[in-house]
Amino acid sequence: MRVAIFSTKPYDKRFFDEANQRLIDNGGPSAGHEIGYFESRLTVESVSIAFGIPAVCVFTNDEVDPQVLSMLSGGGTKLVALRCAGFNNTNLAEAARLGITIARVPAYSPNAVAEHTIGLMLALNRKFYRAHTRVREGSFELEGLLGFNLHGKTVGVIGTGRIGAIVSQILTGFGCRVLLNDPRPNQSITNYGAEYVALDTLFNESDVITLHCPLTPETNHIINHEALSKTKRGVMLVNTSRGALIDPAAALDALKAGQLGFLGLDIYEEESDFFFHDLSGKVIPGEFSSQLMTFPNALITGHQAFFTTEAMTAIAETTLNNLTTFERGEPLGLNEVTIDMIR
Ligand code: NAI
């Protein structure tokens with residue numbers, strides 16, 4: 001099947017070429033796909049690249065809004081294959097109306113994201129980034145590096161699907177008390193000691209709060225001024241899920257006031273303007289650069305939680321399998337994103 005892959009980076013090309021070659025090695029030349037790689041994001045301006053191509057493949061910051069979908073449909077595209085789990089950038093109602101199928105990679109490596117989440121917690125708490133800079137400059141001073149034991153602390157996990165469940169399990173191993181919140185509880189997590197509580201209880205009692213729910217109208221700015229007013233003073237907040245779960249103005253206010261003691265982000269509400277690009281040497285606009293990046297107790301990574309060899313391999317393989325399944329007219333099953341998923 002012909003597919004236009006948007007927002008391509010060299011690493012995407014490497015993993016997709018390798019996965020496509022494996023399809024060809026196992027099933028002959030017709031088992032592979034005809035892949036066109038494009039660096040630009042999918043937007044209204046770039047959508048014409050896909051005209052005449054039956055499938056497009058996009059990532060988290062591509063714009064699959066009604067206008068883009070309508071233009072894709074007009075150009076003959078029948079499948080949008082998301083090479084990610086989240087689908088908040090996709091207008092499912094419009095896709096359904098236009099008869100465009102949306103596929104995704106529901107679970108490529110929840111462990112990758114869970115492990116990065118724990119990495120952010122440890123790095124913030126034990127200030128690895130400050131210690132590394134100091135030692136490189138020949139300073140072995142400990143003042144300012146004081147951390148706390150995670151053992152015995154209470155950690156609140158909001159969203160206990162694939163990633164949240166693994167985070168909970170790892171934290172239980174650290175000896176944390178783990179509080180969970182999810183409208184669809186997964187009782188198997190409670191087998192190793194974690195407990196489901198009301199959201200307010202989680203806010204009130206947690207020393208660390210970590211977000212693993214999808215971005216939906218309901219979860220948009222779930223961490224806002226009101227939520228932060230209910231947390232313990234000095235709480236650590238980690239978000240590796242989607243940027244808009246946190247109201248950035250509320251987070252900045254809470255950081256300045258000391259209500260938020262630590263902030264770890266792998267994603268940011270306005271990330272599509274700069275994440276995945278090298279902007280060193282340029283002025284980065286907005287509050288992100290002017291304020292958030294200057295806090296000594298804020299640690300930001302550029303949407304890299306998924307970025308492991310295992311996850312990239314799984315993303316490429318599942319996406320190409322989605323193309324094969326669609327081309328054969330077979331059901332995509334759990335890999336299809338339907339409008340019912342947001343109802
Ligand atoms: P999942 O679908 O397995 O789990 C999400 C859980 O959130 C579900 O159990 C759901 O019931 C729950 N949920 C929904 N609404 C909620 C609410 N209002 N309050 C609390 N919980 C709620 O998803 P998975 O695989 O665990 O991924 C979670 C999120 O992580 C994705 O939606 C995506 O945005 C993000 N992600 C980030 C990556 C990164 O590189 N930073 C990579 C992959 C995913």
Side-chain angles (χ1 to χ4, degrees), residues 7 9 11-12 58-62 64 82-90 92 102 104-121 156-170 178-190 194 196-203 206 209-224 227 238-246 264-269 271-272 275-276 299-312 314-315 318-319 334-338 340-343:
S7 300
K9 294 288 183 187
Y11 44 81
D12 293 308
V58 299
F59 197 47
T60 50
N61 291 329
D62 291 290
V64 196
L82 308 173
R83 55 180 189 279
C84 52
F87 45 83
N88 53 283
N89 59 342
T90 304
L92 299 180
I102 308 293
R104 68 167 175 158
V105 185
Y108 36 91
S109 181
N111 299 81
V113 182
E115 289 171 16
H116 190 84
T117 304
I118 302 297
L120 282 173
M121 285 178 197
V157 180
I158 300 180
T160 59
R162 282 169 284 253
I163 296 169
I166 296 169
V167 167
S168 309
Q169 197 169 5
I170 296 172
V178 180
L179 303 181
L180 312 167
N181 182 269
D182 193 310
R184 285 184 292 165
N186 171 2
Q187 291 305 337
S188 68
I189 312 177
T190 58
Y196 279 94
V197 295
L199 196 55
D200 275 1
T201 308
L202 185 148
F203 285 145
S206 298
I209 296 172
T210 181
L211 306 178
H212 301 290
C213 53
L215 177 61
T216 63
E218 194 186 310
T219 61
N220 188 58
H221 290 186
I222 191 170
I223 303 297
N224 52 21
V238 176
N239 185 11
T240 58
S241 193
R242 283 293 177 265
L245 296 179
I246 300 180
L265 302 177
D266 185 52
I267 32 52
Y268 185 74
E269 191 167 14
E271 71 176 54
S272 56
F275 275 19
F276 307 126
L299 180 57
I300 297 148
T301 52
H303 203 146
Q304 71 170 85
F306 72 97
F307 198 49
T308 64
T309 298
E310 292 79 0
M312 290 298 290
I315 286 171
T318 306
T319 302
L334 293 174
N335 291 7
E336 181 167 356
V337 184
T338 63
D340 300 331
M341 292 163 88
I342 52 166
R343 280 191 180 133

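Order of listing sets the numbers, starting from 1, for every ligand and every atom in it. Predicted, not measured: the structure shown is a model, and the values here were computed from it. We use all heavy atoms of the structure for the numbers below, so side chains are in, but hydrogens, waters and symmetry mates are not.
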Review point. Is there a donor in the side chain of H212 and an acceptor in the side chain of T160, or the other way round, less than 3.5 Å apart?
Key: no
Review point. For D266 and A305, which heavy atoms make the closest approach, and how far apart are they?
Key: OD2-N, 3.0 Å
Practice item. Keeping the roles fixed (side chain from S109, backbone from A112), state whether a donor-acceptor pair exists under 3.5 Å. Key: yes
Review point. Does the side chain of T117 come under 3.5 Å of the side chain of T210 through a donor N or O and an acceptor N or O?
Key: no
Exercise for review: Measure up the F306 and Y108 rings against each other and bin them: parallel (under 30°), tilted (30 to 60°), perpendicular (over 60°).
Suggested key: perpendicular
**Study point:** Side chains of S241 and N239, donor plus acceptor under 3.5 Å
**Key:** no
Check your understanding: When you look for protein heavy atoms under 4.0 Å from ligand 1, which residues do they belong to?
Key -> Y108, V113, I158, G159, T160, G161, R162, I163, N181, D182, P183, R184, H212, C213, P214, E218, T219, T240, S241, R242, D266, H303, A305, F306
